[in-house]
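Below is one structure; the comments refer to it alone.
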Amino acid sequence: MSTPIRASSVLPARREEIELHTADGLRLVGELARPLDREPVATLVCLHPLPTHGGMMDSHVFRKAAWRLPALADVAVLRFNTRGTSSLRGTSEGSFDNAVGERYDVAAAIEYAEFGELPNIWLLGWSFGTDLILKYGCDPAVAGAILLSPPLRYSKPEDLAQWAQSGRPVTALVPEFDDYLRPEEARKRFAAVPQAEVVGVPGAKHLWVGDAERVLDEVVHRVNPAAAVPLPTTWDGPMETGDVSAYADRTVASFADRPVPGPPQAHAG
């Protein structure tokens, strides 16, 4: 009997808690979810939104990806907390570093996936995570990048230039009503990367509330084109229920009165 897949549905997968170790000596906590009884076709390494504004490895789109995609699309999902970030999984060592020290976090995640012989590694970033990808993710081990709500806040023209030169596929999913960068402007900014595809999503906002399924369909279409999309909305096997109430205080709305950090300023001298 088919059961509807809801926001709290956890489909079968091999899930293991993992630790990443950075070149500057920090231990980061994370999770790797793989298909239950077969090898993955592709791998998503997820880079979350700003931790100063509620972002973490369990931010809802990434949580749903980890709970669904191993079973529905043969995709492995690696999530982790960048330095100083907390979730139910635990707290990663270090402290938020304005997209500077986080370069080591990105490298540690890619290295983990590569050394673990995970196939077809794609970087999936959301907001702040997209800037980390653009700055530090253009690695020979990476097949391509998918950017959710990219603000292009920390990344610079030279970061876009290295992706342009690499020729690796880049897809930006840009909400129609994004708080920072909307589709028309995004197309102008990403014109510097000839192979970049900018997909405007009608009606969507920066947080993708109500649009996670559309995001997952777009992601799967790119990392595993053989999978049928839209993804199934029901499941015929065993299913668990996850805790989606744990983060009611971790939405961006809860951090509205906190200034959003900007790129660190260079100092003369």
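When a residue number appears, it is its place in the shown sequence, counting from 1. Because the structure is predicted, anything quoted here is derived from the model rather than measured.
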Original post:
Does I110 belong to the same Ile/Leu/Val/Met/Phe/Trp/Tyr cluster as F128, with side-chain heavy atoms less than 4.5 Å apart forming each link?
Top reply: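 Yes.
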Taking all non-hydrogen atoms of both residues into account, name the closest pair between [X] and [Y] and its distance.
{"X": "P151", "Y": "S127", "value": "CD-O, 3.5 Å"}
{"X": "T85", "Y": "G55", "value": "CG2-O, 3.5 Å"}
{"X": "G200", "Y": "P183", "value": "CA-CG, 3.9 Å"}
{"X": "W235", "Y": "A71", "value": "CH2-CB, 3.8 Å"}
{"X": "R168", "Y": "P140", "value": "NH2-CA, 3.1 Å"}

Check [Y] with [X], please: is the shortest side-chain N to carboxylate O separation under 4.0 Å?
{"X": "E176", "Y": "R182", "result": "no"}
{"X": "K135", "Y": "E158", "result": "no"}
{"X": "D58", "Y": "R79", "result": "yes"}

Find out whether [X] and [Y] are in side-chain contact, i.e. whether some heavy atom of one side chain is under 4.5 Å from a heavy atom of the other.
{"X": "V77", "Y": "C46", "result": "yes"}
{"X": "V174", "Y": "V201", "result": "no"}
{"X": "L44", "Y": "V75", "result": "yes"}

Using atom types as modelled and distance alone, determine if a side-chain donor or acceptor of [X] lies under 3.5 Å from a backbone N or O of [Y].
{"X": "T241", "Y": "S8", "answer": "no"}
{"X": "N120", "Y": "V223", "answer": "yes"}
{"X": "H48", "Y": "T82", "answer": "yes"}
{"X": "D159", "Y": "K156", "answer": "yes"}
{"X": "N224", "Y": "V41", "answer": "no"}
{"X": "D217", "Y": "L231", "answer": "yes"}
{"X": "E93", "Y": "V29", "answer": "no"}

Atom [atom1] of residue position [X] - does it have more than 12 heavy atoms of other residues, nucleotides or ligands inside 6.0 Å?
{"X": "R6", "atom1": "CZ", "answer": "no"}
{"X": "E16", "atom1": "CD", "answer": "yes"}
{"X": "R103", "atom1": "CZ", "answer": "no"}
{"X": "E117", "atom1": "CD", "answer": "no"}
{"X": "Q195", "atom1": "CD", "answer": "yes"}
{"X": "Y104", "atom1": "OH", "answer": "no"}

**OP:** Check whether the side chains of S59 and W126 place a donor and an acceptor atom closer than 3.5 Å, and report yes or no.
**Re:**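 No, no side-chain donor-acceptor pair sits under 3.5 Å.
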Original post:
Do R83 and S92 have a side chain donor and acceptor closer than 3.5 Å?
Top reply: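 Judged by distance alone, the side chains do not pair up.
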**OP:** Output, in order, the C-alpha distance, side-chain angles, deciding distance and verdict of side chain to side chain donor-acceptor pair (under 3.5 Å) for T171 and E197.
**Re:** CA-CA 5 Å; T171 297; E197 176 190 17; 3.3 Å; yes
Residues 94-101, side-chain donor-acceptor partners within the protein, below 3.5 Å, at least two apart:
from: D97; atom 1: OD2; to: G101; atom 2: N; distance (Å): 2.7
from: N98; atom 1: OD1; to: Y154; atom 2: OH; distance (Å): 3.3

**OP:** Give a yes or no on whether the ring-centroid distance for H206 and Y180 is below 6.0 angstrom.
**Re:**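 Yes, ring centres under 6.0 Å apart.
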Subject >> Test of ring centre spacing under 6.0 Å for H60 and W67 >> reply: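 So the answer is no for these two rings.
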**OP:** Show your working on side chain to side chain donor-acceptor pair (under 3.5 Å) between D236 and S2 and close with a plain yes or no.
**Re:** CA-CA 4 Å; D236 289 330; S2 293; 2.3 Å; yes
